[in-house]
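Both ligands and their constituent atoms are indexed starting at 1 by order of listing.
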Amino acid sequence: MRIHLSALGCRLNEAELEQWASSFTRAGDQIATDPDEADVLVMNTCAVTREAVRKSRQKLQSLQRANPLAKLVVSGCYSELTTSSELAELGVDLVVPNTEKDNLVPLTRLAFHQPDMPQAATQPNATALFTRNRHRAFIKIQDGCRYRCTFCIVTVARGAERSRAVHDIVEEVRQLSSNDVKEIVLTGVHVGGYGSDLDTDLESLVRALLDDTDIPRIRFASVEPWDLSDEFMRLFENERVQPHMHLPLQSGSDTVLRRMARRCKTDDFNRLTTTLREAVPGFNITTDIIAGFPGETDQEWQDSLTFIQTQAFGHIHAFTYSEREGTKAASLPDPVPTAVRQQRSKQLHQLGEQLKQQQLAQSLGTQAAVLWERGKQVESPVGEPLWRHQGYTPNYQRVVTHSSTNLANRITHTRLERVDNGKLQGVVL
Ligand code: SF4
């Protein structure tokens with residue numbers, strides 16, 4: 001995450017800022033000097049005088065205006081003494097009480113950032129992958145997993161595969177659609193295994209959703225890159241099935257994949273991504289990679305980076321390996337030193353950013369049907385009402401636009417015009 005920090009008031013507030021900056025950096029986040037470049041804005045407020053209160057309010061408003069899409073975190077005396085409704089009006093997302101100031105960094109990361117290893121590596125956290133809002137709903141279609149990847153605690157924690165009945169899921173989606181939800185995301189621990197206990201499969205479920213509901217957009221959260229039939233691939237011929245899949249690769253080295261007990265080696269993965277991209281040009285593939293798995297040699301790491309580069313991922317969730325008690329991987333020999341894990345993770349972030357920018361550049365000049373989320377009113381240079389919205393293309397690229405009308409929950413044809421600060425800027429047609 002990129003963090004912008006600011007403070008008002010006493011020396012102590014300034015000193016805390018320093019501490020937070022170094023804790024965020026140690027945790028792998030970057031400090032942004034400009035609020036517009038940050039994902040999270042942290043402000044240490046003050047209330048020692050009435051003037052300090054006024055300035056704290058003013059500063060929060062200006063941070064919010066500078067970057068309405070960033071998360072706003074406040075701490076300090078003003079946030080302590082003011083009401084939560086006033087803070088909510090100022091767009092504050094998280095308040096850290098003075099007594100918890102020492103924990104501001106972990107609390108912020110917990111609220112807005114994935115932990116180093118996802119809770120159920122790699123039941124990649126759907127909420128981290130997809131923003132949750134009124135127009136997008138997550139539908140849990142199954143639980144449990146029959147496999148035994150060596151880093152994963154899921155099979156121990158979540159047991160055998162259990163799927164929800166098709167008619168039950170269809171009914172839920174119908175309800176959501178009648179409440180104006182425009183997009184559903186199918187989630188589970190092992191989504192590709194859906195129906196193994198009910199004598200059905202994922203493809204049949206999606207066909208039923210297409211036939212028996214009028215939900216405009218269907219997405220998949222994270223799907224293990226195996227157990228996907230040719231019939232499944234053909235689902236993407238229907239435009240309501242969105243051309244994006246999050247396929248956790250975990251490593252681009254076959255020997256590491258073997259130690260992880262993954263069922264998909266690099267050749268299989270490449271075949272899968274090639275098929276998807278041939279089916280729908282611009283198909284977006286995102287992934288999870290673990291850096292520093294036990295025994296990962298320099299050569300394996302280099303092989304991994306080389307393969308990852310060929311896959312043109314739209315986004316990489318980079319996880320620094322950490323031992324999880326109860327998994328087989330935790331007792332594997334030759335653990336990678338922590339500093340090397342972190343250095344690899346950093347390299348992976350850089351590669352991920354580079355691949356993402358390449359993908360954004362390829363989208364420029366194209367048009368896409370963007371589903372807009374709730375916007376924020378911003379000041380217009382000519383005094384007219386102006387809304388700033390973010391939304392997502394079918395292949396899950398984030399787009400920002402300014403519009404004189406409120407576009408919330410509308411799907412509009414949009415031209416993807418340019419990239420500013422790493423974000424696609426669109427013009428509604
Ligand atoms: S396939 Fe592997 S990583 Fe995925 S949930 Fe099952 S055991 Fe865990």
Side-chain angles (χ1 to χ4, degrees), residues 114-130 138-164 185-198 201-203 205 219-229 232 245-269 271-273 285-296 304 307-308 311 313 315-332 341 345 348:
Q114 280 209 308
D116 282 351
M117 285 273 284
Q119 179 47 33
T122 298
Q123 173 196 357
N125 193 334
T127 49
L129 182 58
F130 297 105
F138 291 79
I139 314 288
K140 185 172 169 185
I141 62 170
Q142 66 84 242
D143 205 342
C145 176
R146 79 192 91 146
Y147 299 113
R148 294 276 183 276
C149 301
T150 56
F151 54 80
C152 182
I153 196 77
V154 163
T155 37
V156 182
R158 306 296 279 260
E161 291 181 12
R162 297 169 307 282
S163 310
R164 278 177 69 194
V185 184
L186 303 180
T187 69
V189 172
H190 176 43
V191 169
Y194 174 82
S196 61
D197 53 332
L198 296 180
D201 59 20
L202 185 59
E203 191 252 339
L205 170 66
R219 286 189 186 285
F220 301 100
S222 180
V223 184
E224 295 292 3
W226 57 79
D227 291 343
L228 302 172
S229 62
F232 174 85
M245 285 195 86
H246 187 80
L247 301 168
L249 170 65
Q250 308 302 3
S251 169
S253 151
D254 282 338
T255 40
V256 174
L257 288 171
R258 195 169 316 126
R259 290 203 292 283
M260 290 177 168
R262 298 290 285 170
R263 294 171 54 82
C264 177
K265 299 293 182 285
T266 51
D267 271 356
D268 311 315
F269 192 88
R271 246 190 315 277
L272 181 57
T273 55
I285 293 162
T286 54
T287 200
D288 294 338
I289 303 286
I290 297 173
F293 189 74
E296 186 180 64
S304 190
F307 179 74
I308 291 165
Q311 292 301 299
F313 292 116
H315 178 73
I316 297 176
H317 273 177
F319 298 113
T320 309
Y321 177 77
S322 59
E323 284 77 6
R324 180 169 290 129
E325 212 181 314
T327 60
K328 195 171 167 204
S331 57
L332 286 178
R341 296 182 203 184
S345 173
L348 200 51

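Evaluation of the side-chain contact (heavy atoms from CB on, under 4.5 Å) rule for Lys265 yields Asp254, Leu257, Arg258, Asp268 as partners, not counting sequence neighbours. Considering only residues two or more places apart in sequence or on other chains, Thr327 meets the side-chain contact (heavy atoms from CB on, under 4.5 Å) condition with Ile153, Arg324, Ala329, Ala330.
Between Tyr194 and Phe220, the ring centre distance reaches or exceeds 6.0 Å.
For Leu332 against Arg259, the heavy-atom pair with the smallest separation is CD1-O, 4.3 Å.
Residue His190: no N/O/S atom is found under 2.8 Å from atom 8 (Fe) of ligand 1. Among the atoms of Cys145, an N, O or S atom is found under 2.8 Å from atom 6 (Fe) of ligand 1.
Short contacts between ligand 1 and Trp226, defined as distances under 4.0 Å to a heavy atom of the residue, involve ligand atoms 1 (S). Of all the atoms in ligand 1, the ones that sit under 4.0 Å from a non-hydrogen atom of Cys149 are 1 (S), 2 (Fe), 3 (S), 7 (S). Listed by number with element, the atoms of ligand 1 under 4.0 angstrom from any heavy atom of Arg262 are 2 (Fe), 3 (S).
Summary: OE2 is the N/O/S atom of Glu224 found nearest to atom 4 (Fe) of ligand 1.
With salt bridges taken as basic N to acidic carboxylate O contacts below 4.0 Å, one links Glu323 and Arg341.
Counting heavy atoms under 4.0 Å from ligand 1, residue Arg146 does not touch it at all.
Counted by atom type alone, Ser253 and Thr255 present one or more donor-acceptor pairs between their side chains at under 3.5 Å.
In this structure, Arg263 does not count as a contact residue of ligand 1, since none of its heavy atoms falls inside 4.0 Å of the ligand.
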